[in-house]
Each structure stands twice: as structure tokens, then as C-alpha cells.
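For reference, the structure is listed below as C-alpha cells.
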Amino acid sequence: MNIQPIKIFKKFLIFLLAFFGISISLVATLFIWIYLNPHSAWKIAEHYFLPKDLKVTWQSLDFNIEKEKGQWGWQSQLKVHDLLITKKDPQFSAAIDLISIKILADLVSKVERLKIQDLQIISESPITFWEAEKSVNENNKAADKRNLYQIAQNLLQYLLTARKIDFIKKTEINLSQIKFFAVDPVAAPLKLQISIKKEDPISSPILFSVGINDLNSYLVKVKMNGEFKLQTYGTEKAFLSAKILGTGPAISFIIPLEVTFVQGNLEINSDAEFKVKFDKKNLVAFSKIRGFLTPSQADLQTLTSVSGLPEPIKKLKQIKANFSLALKPDKSWSSSPMKVDVSVPVEIPFINKKYSRMLNKSCACEFPKILRTKINGSVEFDNLLQPEAQKKTVAELELSIEKIENKLFYLGLGAKFSMLRDSTQFYYSPRLNSEFKTSHFQSILKLLAKSGILIPAPINVLDGFISMKANGPVDTRYENGKISATNTNVQVEVDLSSKHQKAKLFSTARIQIASNFKRIDIASKSFIENLMIELPPLDPIYGMPKIVRDSRIQMKPVLKKQPSMVKFYFDFEVETTKPGAIKLLSNLVGPYIPISVKIEKPNSQSIMGFVKFEPFKIEYLRRDLFVDSVKINLSETANNDFPIESELHVNQTAYKIFIHIGGTIGEPKIQLSSDPYLDREDIISVLLYDRPRSQLVGGDAETAGNVQAAIADKAIGLFGLWAFANTPIQSFSYNPITKVYTASFQLGNGVTAGVGTATDREASLALRKRISKRWILAASWVPNEEQGQTETIVLQWEKRF
Amino acid sequence: MRCSNIRLFLEASISSFRIFAFAFIFFSGPKILADVNICPHVILREGKLNLNSNEKILVCGSNKSDLAWRDVPLSQAQYVLRSFLQNRGYLSPRFEIENETLNVYSGDLTLIQILEANHVDKLLYPEKKRKVIGYSLEPKRLDEIEQWADLTLRRKGYACPVIDINAQAWDRKVIVNVNPGLQGTIAIIERVGYEGLDQEALVRFEAFHQGEIYNVVDTKITAQRLLSDGIFQNAYVTTNCREDKVELRITVDKGKARLFRFGIGASTEEFPFSDIWFKNTLLDNRASNYTASLHLSPILQRFNLTSEFYIFDKSPLYYLGPRLEVERHVENAYNLEKTQIGIDLGRLWDQMNVRWDGRVGPTLNKERTLRGEGPGDTSYLTWVASLNTMSHAYEAFARDQYEGWTAGFKYSGQRIGVGSNLNIDRYDLNFKYLWNVGNYSPPAIIYAAKVGATAVSSNLISSADRNALPVSYRIYYGGDENLRGFTRQSLNNGGFGYLSAFYLGNELRLIEQLPYRLEPFLLGDVGKLGQTSTTLDKPIFTSLGLGMRWPSPFGTFRVSAAHGKIYDETSTTASYEQDWVYFLSFGQEF
């Protein structure tokens, strides 16, 4: 017998026992030390085992173990208070008030040795995520090569496993503030509530509820309630039923979901309802959604109807949209693009039966009742999502609207949109192909008039050609690699005429839309080649009718304007191509008023430029007034007035009277001069009576004086001055106290007319009525010492010498 | 006796209100609601709208236009009509287009409910502005409110106020935002067109002085005076503000010096009459002047030569006024031929917003009474002194008779040995006050009071001797000027006239309550007359009645009906008729 091996075995056993004993003691000591010094233990773990940028601290940690009464099991509960987790890449910080896990350990049970009875994560403090630093190689970490179907299948496998495990009974996650700084620095924090419950019978469904609230109520509150019935998985019955409710200030929706998995195909069905409030309109959309996911194909089909749209299109029906994507195994996105096919039938609202009949009658024009509008194209996800895509087309879409072409007009609307990707940059290149033209403007006007669209006189009698084109590429601007705006050009050509009128204009407009659609800039440039418009045959003696409401009267309280979602900025330039290209036809002037303009409003500044009247002659009441020049500067003064420079002259019998008007339209400064020389008073006298003061009779002299006083008091505006320069005045009375004047004019054939600032009130001032050149009917008012005042009516002949 | 008069007054009042009610119904007229064709395709279904020729063209189009304005689209007509209606106070009109016809419903007039003024504590009193609350909210009304605010401030020295009017249709409120600026003092008076004239002498026309608080009324009065004197063909005053300093510029236009007028006309006293009038307005650089006039009518034929010579170098505001008057009166009580020649020392000036007119001088009279009581042929020398005053407010708005006062004192007398064989003194005092009750604008009620007192003292005490008393010293009462319940000069003491008199007249006039600016009034006069210069007799003469005033463009028409009544009658009043007396006058004010 060899004793040596036994000794060695004994020693080994002792060593082994000692080793185990020491090890157990060490482990026990370690556990006890960890239990007693959790912070120190965590620091060691943090230092040696966890990522360097991860920091986890907590305020207190409670751990209790209790034996289940009458059972072979122990129930332990771990509570961590005020847990703070921070990480730098990706950067986030989470302050969690409480994590509580209740675990039941049953030594006897074969099924549930370890079961999480209750899991609670509660946080009232913010959990913040920052935007991750972009890394070119980030996609290299783990390229997931599964396609959509495979991902879905994997997820479903997890669910099936969960059906067997069933180790969590109740879970509640309540996070009060989740902030995503990466999305928008001013975005409101979100509140997230997740609740999962599973009743004891293993066959019972898993009930879940997820709620996401925006704390400032700017966004939509989303709540999803549903249940997984894992027993129906693989059958024709839905294994997932859920209802997603969204409510928000501008949008709300209800999306009921039924998901089935039959014969390896996943099918999603929903009858969704969306409501959108937009510009005081309530848009409602009903959509039947069907989604199919097979190993080789992903399809999404929708059939939608929308109501509550703004005029003229109130509703859209039967909007069909198909999105179809081929899938290849172990390839996240196949090289085959997703096909997009959207069809929108648009009902033309103003072509109802009545107008259609009328148009058919007048021009035998046929109009489709419904315009078929299509969006076709493809989206290449492979190019969109693969890590290194160089100048690859990501999407190509084409909008085409059924062309309308008839004897009345041609309307073709179309647009193409393609998106390219170059590495991390995306480039968009839209292209428009739209045109409207008509050679029968009158018929269009009739059509518009029937639809309640006002085309005012005298434009409503014009007929001819109008063309609007928006063809060619839409420029896209980029700033810091992002689209800042898109630009497109529109050309308008007008060539209209009537018996005496003409309108030949050419205009281009550049429309720039900001990438966030919050700003639209329109810059137009118009050239007026020939614009001849007839003015209404008004008689100035009756005054200019006020066709706008007096601005002093406000109909509604001025409310603070809600900031508009979209801001429009309109810059324009209008220019006549030659002097006097605008001709205003009037019964008072011969042959017309020629006008040149150059008006511009650049870079959203105020209006600049001028309106210039070229020489013309006003013939009225047997007098001629020559307008040598009138130039109105459109740069507003501080008082919202416009500077004016004007030269006029009147040829009286022996004198040529020059009237220079300076200052502003609201406060004109009038300078009078003459050839041969006369002083101001004599000029007014000549203007009014064709002779200087020395030859005036008393009443005329007084009238001339009143006119002078009114001009000096600035009571007479430009119109009044024109009237005095251009009309034979019969009488004029002026009240310097009220600054009110009344004038009467001889219109011929014994007819007189009065103008003034208040003709009815001031009639009492007229104490002298001219009967003829020398004879006056006057009321003389004589103070009488004995009887107060006496008054007499005298038919009086007067002469000064 | 007293009861019967109260009853009479009540009856008169009730009658007057009946007349007013009738007038109101008559003038306001029944409201006929019928469709009105504005043009063939535009029909006014509700309300009232009168369009002028130009407005009609913009609504209906015009045949004067070949094509462009021949027809106006209905939707355009609707837009234009909306503005026209809104500018007439119909702020919520309604339109319907039916069978190519535009139906117009004016809706109700929007009536102003509140008038507010901001930033003008104790300067503007909106509650005193009439014809606003309950009246239509339209531009014309806003102009009127602006004028009221402007005039009120400029009368209080704020020469250049900035006024901004806002009207709120939803609560029917009109807000007057005012920046009155600083109260201005007249710093500079610039005179333009006075070349060759002594400006110092012509200051007599000016109602304002340097250093005074500005008042727009004074500028109007000044222009009126400058024009009415005939020196100037036209005259106006313009205002320029420099913070609290106001610069006034008087611009005049001298006419030719000699002014000749011939006229034929009428007045209530004289119908018809003719006037030949000649004035030389510029005898020298101080605008000394003389006027010769010949007036011919059935009751008065008069030649008058008056003059004002500003000859005092050190006192250019004083004048000497030689005058000659030859006239023949044909009155009910007497026929009289009279010649007067005299000379006055006079002055016109302004102080304390009052116009003062004083003159004194001798007059040589030659009188011959052709019919009635009075000396047959007499010559005597009288001294006449008078001082008349008139507030600027009265002078500026005399035609309206809304406010202000006048007062006058006149003495005329003669002495034995000084061109006369009689001692006679006559004193006349008169005062008239117009009170705008409640100080509304325009006034609601004007209360006018007139007081007159006359005393004649003479050595001819008894009535029997009074035959020798010249007619101009005798007091005759009755008529439109004083006791309106008695006919003209019917209270004449058997033709002898009285030697003392006291009169208090009252009038209560409604302003702008009836259409066409008709102003109804109630009147009440009380008078006492005396046989001696110092004692008034027992009888009290009263007149109660009502009337109507119409300030027409050519002068004021007044019609009144008053019942004369005498209390404490004596034998001397037995012959006086006490009945209703009716007056229609032109140009006569209370």
C-alpha cells in the first residue's frame, strides 16, 4: 500500500475544503461588505467594469428579504432612492426617484423559481437626452442586416418566448419629464407612463398602456391601450389589438389597430380618423389602412377621404395610396425601390351643371367634372439608409394633374421632385411644369363672376390673351448643408383690350419658400408696355365719391394678431417701359392722362419710386388747365404722406398763371406766379374772374379774398385748388373759425352746383347772392342803437372807383 | 285777474306745443317703406339712400361711357354701395343677388351711444355736446365733433390743437383724442397789405392785442370789421403757433377808395325802399372817411352825410365826426321834418373782450311837426353822448343770437341859452344778455333778457306843455322792439308820449329742435311808463306769447303772437287795446 497518494489526496481535500471555505467566506464577506457598503462597492464596479462615461449614484438603497408564510420561498424587495445616471456618449442624464423591484424566489416550484412580482420606475425629475455627436463610423458598430420582415419576426419571437416565461407580473414606469434637446431646444418636456399587467392564468392577455404627454400641451397627447393575445398568434384572429388616441390643440386622431400573423404573413388593419384644425377650418380625414408584411414584400394601402378643406375644394374622396417595397432576406433594404402610387380625384367645384351647360353653350367647351391627380414615384431606402451613399437618387416623385384643354383655355399642372444623397447630405431638385393660358379672357371672367369672384369695371370688359407659366427647375438653396429655401419662377403675360382700353403687361415672379415653410418670399417684376384704362365719367363738381369706409370708424376691436404660421414677404417692381405708358381716359382730359411709374418695394422695405404725370390738358367748364408735370414721390414722409412736385398753368385772357405745388399731397404748398407779373391776390382774382382785383366788383373781391383766406388756412386741398383753377366760381364763402368753405359754380344753362367742406351747414353764411356781374342780392345787417339790429334785403349795384 | 292771465299763458303754451307737434309731424313726415329702384338692377328694399350723380355712376354705370362703365358688375355695385351706406351711418347693410338683381337692405342706422374725450380735463365737456348721442355714426357727424372740439379749444387759447377722432361701431362709442398743445399768447401781430396806411390808427378794427390769450373768435371779428368798413376788399387773419406763442397775420387787400352803391329793397318797417350810397373810405392814411347816403321809402326819406376824421396825431384812435342829416318821417302818430347838423368826438376800442364805442358832441336840430303832437317849427341845440358796449362773443355770433351781451348808455339834452329855449335831458340805458342754458353746443335753450330804462327830464312838466317837446324826447312804447303785446308805438299817452319808461323783456328759445332750423320761442315782456321823468305810473304793461324764429340765409325772419295785458289800469290806459298782436319781422332780433 502506498500511503503517499492518500496523504496527497487528504492534503488536497483539506486544501480544497479550505479553499472553498475561504472562498465562501470571501464571497460571504464580499456580499456582507457590499450589503454594508454599497456605495464603495459600486465605485469599484464603476471604475473597473462599467463604461468610463457612465456615472451612477443614488441616495439610499434598501434591501429586504422575507420568508413567505407556509411556503418554501423568500420574497425580497430592492428599493433604490434618488438614482442619478449620467452618460456622455450618447449624452443623457436621468434622475430617477425610485426603482423598486419585488422578487419572489421559490425553492420548491419547478416553474417559477424566480418571479418579478412588481417593477416600478418612478421619476418626477427630468430625464434629458442631448443630440449625439455624429460619427461617420457609427454605423460600423453593428450593421443590422435584417429586413423589415425579419425584424418583425424577431420581435414576435420574443413575444412568443415571453408567453412561455411569464416572469413579470406587473410593471409600471412613470417618467414625468423627458427632455429631448436634440430635437428642438424649446421643445416641451414629455411625460411617459407605461403600464404592463399580466394576470396569473398563463393564458390571460398581456394588457398594456402607454401614454405620452407634452407638459405644455403644445403637441399631441398620445395614449395607446391594447392587449396581446399570444394564444391567437398564428391564427386568423388578431394577436394584437390596440387603440391609439391622439389629442392636441391642432390635431387629434383615433387609430384602432388589429394585427394578425397567419401563415408567416403579418397583416395590419385599421380604420383611422384624423382631425386637423387649420386656419379656422376643421379638416376631417377617414382612412382605411391595410399593411402587409411578407418575407418578400411590404405593402401599405390606404383609402382616404378628406372633408373640411378650404374653398374652392371642400372635400376629396377616394384618395388611394399604395406603397410597395420588395424585401430580400438578410438585407435591410433591397435595391428595388419602394413604389409610390397616389391617386387623388379632385372635383372642380365651379364647374357644376349650371356652368357646364353655359360653357358648353357659349364655347362648346367641355370640362371634366373630376380632375385626376396622380403622384407616382419611387423611394430607394437602400440609398437612403446605407452608410456611404455617393450621389445616389433617394426619391423621385412626379405630380401630374389631368390637363384641361378646350377652346376656352389650357391648363396643365405638373411637378417633378427628386432627392439625391451625397454621403450625409441630401439634395432636392424639384421641377415645375405648369401652364395656364387663355385667349378668351371674357369667358373666363364670366366663369369667375358666376363663382362670385369680383372682377371690377372697367377691367371686366377687357378681352384677349393671358398666360401664366411656371416651368423649369426649382432652385434649392443650402446653408450649412441644410436646405434654406427653394426658388421658382413664374411668368405672366397679359395682352387684353376692349374698344378703348388696352392692357399689355409682362411680369415675372420669383417665389422662395423657406425649408420649414414658415416664410414665403415673393418677388415680382412687372413691365407695363401699354395700359389704357377708362376712368368713370364722374363730374368733379359733385365731389369724389368715397368708395371706402371712413377710416375713423372701426367695425371691430383691433385684436392682437396671432402670429401667423406662415409669413409672406412681398417685394415688387413695377415699371413703365416708356414714358406715359399708362393712359387714363377721362371725359375731362384730352386725349388722356399719360402716366409713367417706377415703383419698387425691395427687400421688404417700404415702397419707393415715383408716379409721374406727363403733360396733359384738362378741359372743364369752358376752361383749360395745362398740367405740365406732376411727380409724386412714393417714399412716405413721417406723417404717412407723399411728397409732390407739380407744375400747372392756366391761360387766362391776358395772363399765363403758373401754379407750383410742392410739399405733400396732404399738406400741399401752393406757389402762384404769372406772366406778366401779378401779385398773389391778383393771380387768384385772375384765376377766379379773369381780371385783376382793380377790375373786380365788391362781391367778387370778397370772394377772391375768401379763397385767399382758405388757401392760407390750408382749408382747400388739391382738389379744391383744381376746382378753383378750372371752374368759373360764382360765390365762395369761408368761415375761418370752423375752416369750412362753400363754393358754388356756374355750370352753364343757369345751373349752379356747390362744393365745400360742409355745404349744408354753411349755407347761412352766404349773405350775398350774385344775380349778374354787377347786381347782388345782399342782406345788410345794420346795428341800430334803438332797436338792436335791423336787417334789410337789398338788390344792390356796386362799383368801386 | 291774475288767474285769468295764468290761464291765458297756459292756453298760449298749450297752443304753442300743439303747433310744434303739428310742425314736427309735418316736417318729419310719415315713413313710407317702399322699394326704390336705384338703377334697373339695383333695388333698395329697406332704408333711405340718395346718391349723387357720381355715386350713381359707380353703382349703376353710365351711358356716357362707351363700354367700360356702361354696366357695373353687381358684386362691384354691392361693394361700393356698402361703403356709401356705411358713410351714411348704415354700418351693417345687407345685400342679396337674386335673378340678376341686387337687393339692398340698409339695416338700421348705427346710433352713437357714448362720446368720450381724452386728455382734455376741464377743456372739453363731451356731455355738453348735443346732436351726437342718439344720432347716426357717420363721417359727417365725426367732422362735426372734430369742429366742435377744435373750436372749443381755439376759443380757450389753444391755437393749434391736434384732434384725432375714433369711432367704435361695436359699442357705438366716439372717442376724441386731443393734444391741445400749450395755451397761446399773442406774441406777434403782422399786418400785410397795409402799405401807405397808418397801422396805429387802424388798430381800431382789431379785437385782439399783443400779450393777450389767443381766441379764434377775435380773429373772425377783426376780419369782419375790416371788411364791413369798406376800406378793404378782403381781409383775413391766419394763425401760426410756436409753442405757447401765437403769431397772427392780418392780410388785407385795399380796394379803391370810392365806393358807390345803388340798391332797392325791403324791410318790415319800410316796403319798398331804395338807397343810393357813396363812401370815400380813404381820405387819408388813417382811413378817415365820409359817407353820403340817400334813403327813400314811403315812411322815411333821408339824406345823411357822416364822416370820421382821424386827425389827432397823438391819439390816432380818436376821430372827429361832422355829420348832417335831413329827413322826413311819415309815422302813424306824426309826420315830421327834421334837419340835424353836428360834430362828434368819438373813439372805438376793445378791452376785456368787449367792444367799446363812445362818442360825444353837439347837434343843431331843426324840426317841424307836420302832423300829430309836437312843436310846429323849432330849432334847438342838443348835446349827445353815448357809450355802447358789446361782448366779442355777441359780436361774433350775433347772427345766431346764442351768447354774449350788449349794453349801452346814451345821453341827449339841450339847455336854455345854449341854442335852445328849453331844458331837456334824456337818458337811455339798455342791456341785453343771451344765456345758453346748460352751455350746450349747439345750444338747447337760449334764455334772452333785455332791460331798458329811459328818463326825460324837462322844465315842461305837465302834459299840456308837452306839445312843445320835440318828438325825439317823447317815449312811445309798443311794438316788436319792446312790449310785443301792443301794436307799434300804440302806448303813446294820447300822442304826447311818456317821460320815463322801464322795460324787461324775456324770451325762451328752443334751438335745433325742429327741422329746417326753425326756432320756436316763448316771450314775456313787462313794462312801466311814467308821466314824469322820475316816477313810473301805476299801470303794469305785460305781453305774453310765443313765436318762431328762422335764421334764413338772407336774414332772420321772426313771427310772434303776444297778448297785451295791463294791470292796475287807470283812466290813462283806458284807450289802449288789450288783445292778441301779431308780428312778422325780417332782420329784427330780440
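Keep in mind it's a predicted model, so treat the numbers as computed, not measured.
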* Stepwise side-chain contact (heavy atoms from CB on, under 4.5 Å) test for A/Ile553 and B/Leu142 -> CA-CA 9 Å; A/Ile553 301 173; B/Leu142 301 183; 3.7 Å; yes

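- Listed here is the closest heavy atom pair of A/Ile455 and B/Pro73: O-CG, 3.5 Å.
- Within 6.0 Å of NZ in B/Lys131 there are more than 12 heavy atoms belonging to other residues, nucleotides or ligands.
- Both the backbone and the side chain of A/Glu534 come within less than 4.5 Å of a heavy atom in chain B.
- With sequence neighbours excluded, the residues satisfying side-chain hydrogen bond (donor to acceptor under 3.5 Å, both in side chains) with B/Gln168 are B/Asp171.
- Within the model, atoms CD1 of A/Ile547 and CG of B/Asn54 stand 12.0 Å from one another, a figure rounded to the nearest 0.5 Å.
- The shortest non-hydrogen separation linking A/Pro537 to B/Ile57 is O-CD1, 3.1 Å.
- For A/Arg552 and B/Asp143, the salt-bridge test passes: some basic side-chain N is under 4.0 Å from an acidic carboxylate O.
- Between A/Pro458 and B/Trp69, the shortest heavy-atom distance links the atoms CD-CZ2, 3.5 Å.
- Only the backbone of A/Leu535 comes within contact range of chain B, judged by heavy atoms closer than 4.5 Å.
- In this structure, the portion of B/Glu146 lying under 4.5 Å from any heavy atom of chain A is its side chain and not its backbone.
- Residue pairs meeting the salt bridge (Lys or Arg N to Asp or Glu O under 4.0 Å) criterion with at least one member in residues 72-82 of chain B, sequence neighbours excluded, do not occur.
- The candidate with the highest count of non-hydrogen atom pairs below 4.5 Å against chain B, out of A/Ser551, A/Pro456, A/Ala457, is A/Ala457.
- The CG atom of B/Leu58 sits 5.0 Å away from atom CG of A/Leu538, with the distance rounded to the nearest 0.5 Å.
- Across all non-hydrogen atoms, the minimal contact from A/Val461 to B/Ala68 is CG2-CA, 3.8 Å.
- Only the side chain of B/Asn52 comes within contact range of chain A, with at least one heavy atom under 4.5 Å from a heavy atom of that chain.
- Between B/Lys173 atom NZ and A/Gln554 atom CD the span is 11.5 Å, to the nearest 0.5 Å.
- Between chain A and the options B/Asp71, B/Leu81, B/Ile165, heavy-atom pairs under 4.5 Å are most frequent for B/Ile165.
- Between B/Ser83 and A/Arg549 the shortest heavy-atom distance is OG-N, 4.1 Å.
- The backbone N or O of B/Asn87 sits nowhere less than 3.5 Å from a side-chain atom of A/Asp550 that would complete a donor-acceptor pair.
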